[in-house]
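Some notes on the structure that comes next.
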Amino acid sequence: MICSSSLRVSGSGSGTRNSPSPPAISDNSDDSQSQVRRIKASPQLNRWSRARSIRSGRKLDRSAVSTELRDKSGSPVRSEPEIELPKGDSRSWSSDDEKEVNGGKPIFMVSDGTGWTAEHAVNAALGQFDYCLVDRVCPVNTHLFSGIDDVEKLMEIVKQAAKEGAMVVYTLAEPSMAQFAKQACQHWGVASSDILGPITEAIAGHLGVSPSGLSRWAPERQKSPLSEEYFRRIEAIEFTIKQDDGALPRNLHMADIVLTGVSRSGKTPLSIYLAQKGYKVANVPIVMNIDLPSTLFEVNPEKVFALTINPVVLQSIRRARAKTLGMDGELKTNYCDMDYVKEELEYAGKIFAQNPVWPVIEVTSKAIEETAVIVLRLYHDRKNRCSMPRISKRY
């Protein structure tokens with residue numbers, strides 16, 4: 001990914017986060033010459049474009065590669081766009097600065113903060129196109145530009161998007177910046193999508209309160225970086241690490257969430273993931289012929305969550321783990337034996353059946369994030385006493 005928090009820009013005037021309104025962009029549709037967009041080259045963005053080609057293993061096309069611009073009817077208006085160099089730059093436009101060969105449709109993600117929201121939204125949407133992304137029928141290249149907090153930087157990125165035929169997806173909290181992004185993309189014929197604006201407006205209407213228009217990482221909101229939430233998350237992570245793998249069972253009553261399941265069912269990574277969100281998590285392994293701590297059955301059963309997994313998948317995971325620990329050589333163990341794996345899962349299943357309040361979550365085909373969503377949904381439903389229809393005991 002490419003972070004553009006320090007773009008070098010040119011041109012007169014400068015925009016800041018507090019700029020009252022975006023500069024007007026004129027587009028006279030009656031003048032046929034106005035159909036041709038004059039795109040100012042950005043040396044740094046051009047170098048990034050070449051660097052992306054090199055990293056992806058694609059060769060740069062040294063021949064004349066045209067960036068087709070189209071008029072409102074969809075017809076190309078010029079085979080090669082006229083490039084106006086920045087003031088003070090006496091270079092001529094060379095083949096080194098030409099657009100990379102189209103190895104994938106580019107998507108530019110622009111944010112005034114870290115870009116986390118834009119990046120995850122785009123990745124979630126791209127998940128709907130796995131059928132064509134996997135076999136490279138419709139390859140995509142995503143590029144993140146974070147910390148974009150003034151108009152000049154934003155304008156350079158939009159013009160580069162026009163040159164490369166990229167789509168621009170943006171999360172800009174300040175209304176004037178978002179409006180400028182919209183106008184600039186329309187002016188240069190760049191496909192765009194505002195992720196943050198529509199939902200912010202909808203929530204503002206629902207609450208009857210105007211949004212602040214500030215990025216989450218704006219200096220005005222960083223007066224106390226070590227907030228109460230920060231310390232709560234640090235405390236949760238420290239607690240979770242100390243409680244890993246059944247350690248200190250006497251402290252189970254202090255946990256927000258207790259996970260239990262057989263070895264290698266994903267308890268530890270799920271615990272750490274939840275701890276980073278501020279939840280104190282303890283996990284207790286289930287091993288045959290070893291008694292579970294009595295405190296596991298004394299704590300509130302509504303905060304205990306059971307994890308189960310397919311035996312074939314569990315066996316493969318254990319084999320990989322045993323290999324890393326050097327247990328696959330002369331050391332004899334039934335840790336990876338299929339009969340033992342099935343027997344241990346059956347043993348855990350009997351314990352789960354004896355505690356029907358514990359939700360049993362099937363983790364075989366789920367990512368940690370997916371399992372965490374289920375755990376947190378059930379956790380908050382129970383905490384807030386939400387009445388949700390229960391379709392199945394397994395999730």
Smallest heavy-atom separation, Pro311 atom then Val341 atom, equals O-CG1, 3.7 Å

Through direct or indirect side-chain contacts below 4.5 angstrom among Ile, Leu, Val, Met, Phe, Trp and Tyr, which residues connect to Leu196?
none

Going by heavy atoms in the side chains, are Glu156 and Lys153 under 4.5 Å from each other?
no

Taking atom types as modelled and ignoring hydrogens, do the side chains of Asn283 and Asp244 form a donor-acceptor contact shorter than 3.5 angstrom?
yes

Where the side chain of Glu174 meets the backbone of Ser176, is there a donor-acceptor pair that is under 3.5 Å apart?
no

What about Tyr279 and Tyr379, are their ring centers closer than 6.0 Å?
yes

So which atom in Ile195 and which in Ala121 form the shortest heavy-atom distance, rounded to 0.1 Å?
CD1-CB, 3.6 Å

For Thr142 and Met109, which heavy atoms make the closest approach, and how far apart are they?
CB-CE, 3.7 Å

Student check: side-chain heavy atoms of Tyr170 and Val158 closer than 4.5 Å
no

On the 0 to 90° scale, with breaks at 30° and 60°, tag the His143-Phe108 ring pair as parallel, tilted or perpendicular.
perpendicular

Under 3.5 Å, sequence neighbours excluded: what are the donor-acceptor pairs made by side chains of residues 251-265?
from: Asn251; atom 1: ND2; to: Gln243; atom 2: OE1; distance (Å): 3.2
from: His253; atom 1: ND1; to: Arg250; atom 2: O; distance (Å): 3.1
from: Asp256; atom 1: OD2; to: Lys280; atom 2: N; distance (Å): 2.8
from: Thr260; atom 1: OG1; to: Val284; atom 2: O; distance (Å): 3.0
from: Ser263; atom 1: OG; to: Tyr335; atom 2: OH; distance (Å): 3.0
from: Ser265; atom 1: OG; to: Val262; atom 2: O; distance (Å): 2.7

How about Ile361 and Thr371: do any of their side-chain heavy atoms sit closer than 4.5 Å?
yes

Nearest heavy atoms of Ile309 and Leu345, plus distance in Å
O-CD1, 3.5 Å

Has the side chain of Arg382 got a donor or acceptor atom that lies under 3.5 Å from a matching backbone atom of Glu302?
yes

Who else is in the cluster with Ile272 when I, L, V, M, F, W and Y are joined by side-chain contacts under 4.5 Å?
Ile237, Ile241

Hydrophobic cluster membership, with links at side-chain heavy-atom distances under 4.5 Å among I/L/V/M/F/W/Y: are Phe129 and Met167 in one?
yes

Donor-acceptor contact present, side-chain Asp194 to main-chain Gly197, <3.5 Å:
yes

Is the shortest heavy-atom distance from the side chain of Met338 to the side chain of Lys342 under 4.5 Å?
yes

What's the shortest heavy-atom distance between Pro285 and Gly246, and which atoms?
CD-N, 3.6 Å

For Ala166 and Val190, work out which heavy atoms get closest and say how close.
O-CG1, 3.3 Å

